[in-house]
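Data first, discussion second: the structure below is written as structure tokens.
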Amino acid sequence: MPEPATADHFDSAKVLTAVAEKAGIRPGDRDWADFERRFHVHFPNLARLFHALYGSRPDFQDQLISLAVEAARSWQERAAELKIQDAESDGGWFESNRVLGGVCYVDRYAADLEGVRARIPYFKELGLTYLHLMPLFLAPEPLSDGGYAVSSYRQVNPRLGTMQQLRGLAAELRANGIRLVVDFVFNHTSNEHEWARKAADGDTDFSDYYWIFPDRRMPDAFEQNVREIFPEDHPGSFVQMPDGRWVWATFHTYQWDLNYSNPEVFRAMAAEMLFLANQGISILRMDAVAFIWKKLGTPCENQPEAHTLLRAFNAVCRLAAPSLLFKSEAIVHPDEVALYIDPAECQLSYNPLQMALIWESMATRNVSLLSQALERRHNIPPGTSWVNYVRSHDDIGWTFGDEDAAELGINGFDHRRFLNSFYVNRFPGSFARGVPFQDNPNTGDCRISGTTASLCGLEDDSVQAVDRILLAHSVAFSTGGIPLLYLGDEVGQLNDYEYAAEEGHEADSRWVHRPHFPAERYARRHDPSTPEGAIFAGLRRMTDARASAPELAGTRLIPFDTKTPAVLGYQRPGEGTLILALANFSEHPQIIQAGTLSGFAPEAVDILSGNTVNLNNGIVLRGLEYTWLRVVPVNWQQS
Ligand code: GLC
Ligand code: GLC
């Protein structure tokens, strides 16, 4: 890689003058002084990162200047109210114990953007402060991968509404204390995006936007080391274009991977990113981050340059949309997940390991892998946070490290096979009603689809299933980070077995867990005698308890060994007190001995019920029971 340029390769004052001129900005213009100040701080960093990626290219300087011009223009166009948000020093808002996230598809949950707006009162009832709307931009129908095949980042899918409505919705959500999150699908575009069409027509400049090769020579070479992501869709990572050339498509045949080794692609996508930021988006979910950089002879996942790219995109935000944050969607080995979590890269990250291991513990009634993950992989740098979830719109993959499992005497390959058969209900005694996703007979690989309620067996035994649903959420709500609800799960929505009847969905089992708004279930949410009412009330209780417990802010976690294989324990330290969380993954009562709790003063309070608990007697947890105890550590009392 070329030597990074030192800051003095770019006299930022000189560059700034050139940028202002090109962007048509005069020194006294509105808010320009703010930009100038940030430019001096962040441009040298951007220049260094850009040089590291593209320094050997002849067009490097021109592209960098164009990028800065783009940033300057975007800042000048940014709405005053967004600039107020930029100026507020609440950068760490996401570490609050009051933050609660929800995610939904606009069309399936609320028909369109107006429908989402109409649900704001419900979001407030639920306590949401963060709303992720699944991809809502122009995408070809019906083959759009649920919107993840974007054909224009600047146009809302007309079925859902308009860009003006999106801006209005963002503002109204903001006024109600809810931040809007949307996807930045930046690894690939739809094959119907204007750039892709031009590439398909043979335009050489736009062919360079993608990874296009005249024959199989390079695709074959790359595929030596690259894993198949959607093997049921197409083998390998390339698909043939109508003119016989081959184009990189990691996901579906119609999702073409962008070529970030071309600085023009970075600049073009940075412009799309800033456009979205200016619509009032607070967080971008960085889709498929692991895949954005390709290098021959490597798996083309998690390359060091992927991190440099994210840093560079981040530096662009710091110039032109300072309050915008990134959430990493890296569903990969936990060592690699951790590398994206950095205030200068992705401030937020999904926590796929915790998610998968909640399900693993539920199947095995043994929390050893989950405890190990909390001990070893939970604590992350200041200024960052997890997004903890029980399930998402995607499949559940068993992303734990084989070496972590081996330490506990577990064979990763065999264990994944067991988990897959358990969750598709092929294992005797299983309660789960999942279905396989991307079953790959060549590798033995498989992932799981299913709603939370169906994976917990709500169809069969509602009492235990409700307990399991709440148990799973109790972990996501209390280990530290933003809890993210898949909306509809709070009323126990079930698998949608009709999914294959919808055009374009038949070959993708993830649609089984993306049902339409379950209106009847919502109607029962206040009736405690129904499963819906019990789940809803349980989650509300957790939300309230969490909001009133400062110990549950941030992500810091101290492990706790319950000395009981089925019971998960961890501590969340506050000032003088801490929350001891316990979760019994077995259907049978479990006892935590008084001796195990001797590090705490005997008087404890269960913050979910308000009851006092005497630890001198030990604790008996009913089957599938969880509790959050406010305790005082003995050594703190003494000091
Ligand atoms: C992400 C999305 C997934 C989509 C893929 C391709 O993993 O979560 O739904 O299929 O990216 O965009
Ligand atoms: C993601 C993950 C993969 C996941 C898929 C979406 O980016 O890497 O494991 O299953 O895309 O389904």
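Order of appearance sets the numbers: ligands from 1, and atoms from 1 within every ligand. Given the structure is predicted, the values throughout are model-derived calculations rather than measurements.
Atom numbering of ligand 1 starts at 1 in the shown order; those under 4.0 Å from a heavy atom of Gln255 are 6 (C), 12 (O). For ligand 1, the atoms lying closer than 4.0 Å to a non-hydrogen atom of Asp287 are 1 (C), 2 (C), 6 (C), 7 (O), 8 (O), 11 (O), 12 (O). Heavy-atom contacts of Arg510 reach the following atoms of ligand 1: 3 (C), 4 (C), 9 (O), 10 (O) (cutoff under 4.0 Å).
Only the side chain of Arg285 comes within 4.0 Å of ligand 1, counting heavy atoms alone; its backbone N, CA, C and O stay farther away. At a heavy-atom distance under 4.0 Å, no atom of His252 approaches ligand 1. If you look at Phe230 next to ligand 1, the close heavy atoms, those under 4.0 Å, all belong to the side chain.
Gln438 and Asp445 form no side-chain donor-acceptor contact under 3.5 Å, judged by distance and modelled atom types alone.
At a 4.0 Å cut-off, at least one heavy atom of His188 sits close enough to ligand 1 to count as contact.
Note on ring orientation: taking the six-membered ring where Trp is involved, the planes of His188 and Phe251 are tilted (angle from 30° to 60°). Between Tyr105 and Trp511, the ring planes lie tilted relative to each other; the angle falls in the 30° to 60° range.
Checked options Val156, Leu160, Leu166, Leu169; the residue passing with Val106 is Leu160 (criterion: side-chain contact (heavy atoms from CB on, under 4.5 Å)).
In this structure, Arg510 is not positioned above the aromatic face of Tyr499 in the sense of NZ or CZ being under 6.0 Å from the six-membered ring centre and within 45° of the axis.
Compare Asp508, Thr250, Asp395, Asp394 by their heavy atoms: the one nearest to atom 3 (C) of ligand 1 is in Asp394.
A salt bridge links Glu502 with Arg108: at least one charged nitrogen is closer than 4.0 Å to a carboxylate oxygen.
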